[in-house]
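Since this is a predicted model, take the numbers as computed values, not measurements. As a basis for the values below, the full set of heavy atoms in this structure was taken, side chains included, without hydrogen atoms, waters or symmetry mates.
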Amino acid sequence: MADANVTPPPLVVVEANDGTISVASAFAAHQQVVQDRDHKFLTEAVGEAYKGVECGDGGPFGAVVVRNDEIVVSCHNMVLKNTDPTAHAEVTAIREACKKLNQIELADCEIYASCEPCPMCFGAIHLSRLKRLVYGAKAEAAIAIGFDDFIADALRGTAYYQKAHLEIKKADGNGAVIAEQVFEKTKAKFPMY
């Protein structure tokens, strides 16, 4: 852990020949510490990916939730073991971290994932308010061995890989009315956090 009494070196202002100005961080040592820290926790997530495959729990995906440089939980894909298509490593890690910390927001935590998260996992990461995501492999590595080819779309903001094969329809008429009324009828009973 870094010493709080250490004064960071000053920033270096650099002016290029074309007149543009940039600020170069004199934090080379700090950047190396962050890189080493990320490597440590990402290595743990990759280890979980191997563990999950070895014990037959699910695909080669692992995730670690970290708070204050301490691992809160270290999880792997549990889709096969739980017979649950939503039991991806990231979702499992978020669920377990929330239980362990007894809170529904993880705003003071980070998540390390062995692979670029799919849209569902990215949604869970967003909804849990994790402050940082570090992932290892690009989605193409998982796609290359047969996993769904829409993994990267959430992070990249593209629909390049998405090929949903289901009909999506918003209800109309009375179905829509009663579904919308639930919000109005329960707002006093369900305070938002």
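By the side chain to side chain contact (heavy atoms under 4.5 Å, CB included) test, Ala97 is found to be paired with Val65, Val72, Val73, Leu106, residues two or more places apart in sequence or in another chain being considered. Partners of Glu44 under the side chain to side chain donor-acceptor pair (under 3.5 Å) rule, at least two apart in sequence or in another chain, are Ser74. Checked against side chain to side chain donor-acceptor pair (under 3.5 Å), Asp36 has the following partners two or more places apart in sequence or in another chain: Gln32.
Considering OG of Ser114 and CG of Leu42, their distance stands at 7.5 Å, rounded to 0.5 Å. We find the CD1-NZ distance between Ile104 and Lys99 to be 14.5 Å, quoted to the nearest 0.5 Å. Distance check, rounded to the nearest 0.5 Å: NE2 of His88 to SG of Cys75 gives 14.0 Å. Atom SG in Cys109 sits 13.0 Å away from atom CZ in Arg132 (nearest 0.5 Å).
The hydrophobic cluster containing Ile125 does not contain Val134, counting ILVMFWY residues as joined when their side-chain heavy atoms lie under 4.5 angstrom apart, directly or transitively. Residues Ile71 and Ile111 do not share a hydrophobic cluster, clusters being chains of Ile/Leu/Val/Met/Phe/Trp/Tyr side chains in contact below 4.5 Å.
Clustering of Ile, Leu, Val, Met, Phe, Trp and Tyr side chains at separations under 4.5 Å leaves Val53 isolated, with no partner residue.
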- Message: Determine whether Glu90 and Leu133 satisfy the following criterion, side chain to side chain contact (heavy atoms under 4.5 Å, CB included), listing intermediate values before the conclusion.
- Response: CA-CA 10 Å; Glu90 299 91 334; Leu133 160 66; over 6 Å; no

- With side chain to side chain contact (heavy atoms under 4.5 Å, CB included) as the test, would you mind laying out the steps for Tyr112 and Arg37 before giving the verdict? CA-CA 11 Å; Tyr112 291 80; Arg37 180 181 175 281; 2.8 Å; yes

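At a threshold of 4.0 Å, the pair Lys40-Asp69 does not count as salt-bridged, since none of the basic side-chain nitrogens sits closer than that to a carboxylate oxygen.
Remark: the backbone N or O of Glu70 is not paired with any side-chain donor or acceptor of Asn68 at under 3.5 angstrom. Glu116 contributes a side-chain N or O that, together with a main-chain N or O of Ala139, makes up a donor-acceptor pair within less than 3.5 Å.
Sequence neighbours left out, the pairs with a member in residues 55-67 that pass side chain to side chain donor-acceptor pair (under 3.5 Å) are Asp57-His76, Arg67-Asp108. Among residues at least two apart or in separate chains, salt bridge (Lys or Arg N to Asp or Glu O under 4.0 Å) pairs with a member in residues 75-84 are Asp84-Arg95.
Heavy atoms only, all atoms of each residue included: Gly58 and Asn77 are closest at CA-OD1, 3.3 Å. Considering all non-hydrogen atoms of both residues, Ala93 and Ala63 come closest at CB-CB, 4.0 Å. Annotation for Ala45 and Ala113: closest pair CB-C, 4.3 Å, computed over non-hydrogen atoms.
Between Phe147 and Phe61, the angle of the ring planes goes over 60°, which puts this pair in the perpendicular group of the 30/60° scheme.
Around atom CD of Glu54, no more than 12 heavy atoms belonging to other residues, nucleotides or ligands sit under 6.0 Å away.
Looking at heavy atoms from C-beta onward, Met120 lies in side-chain contact with Thr86 at the 4.5 angstrom threshold.
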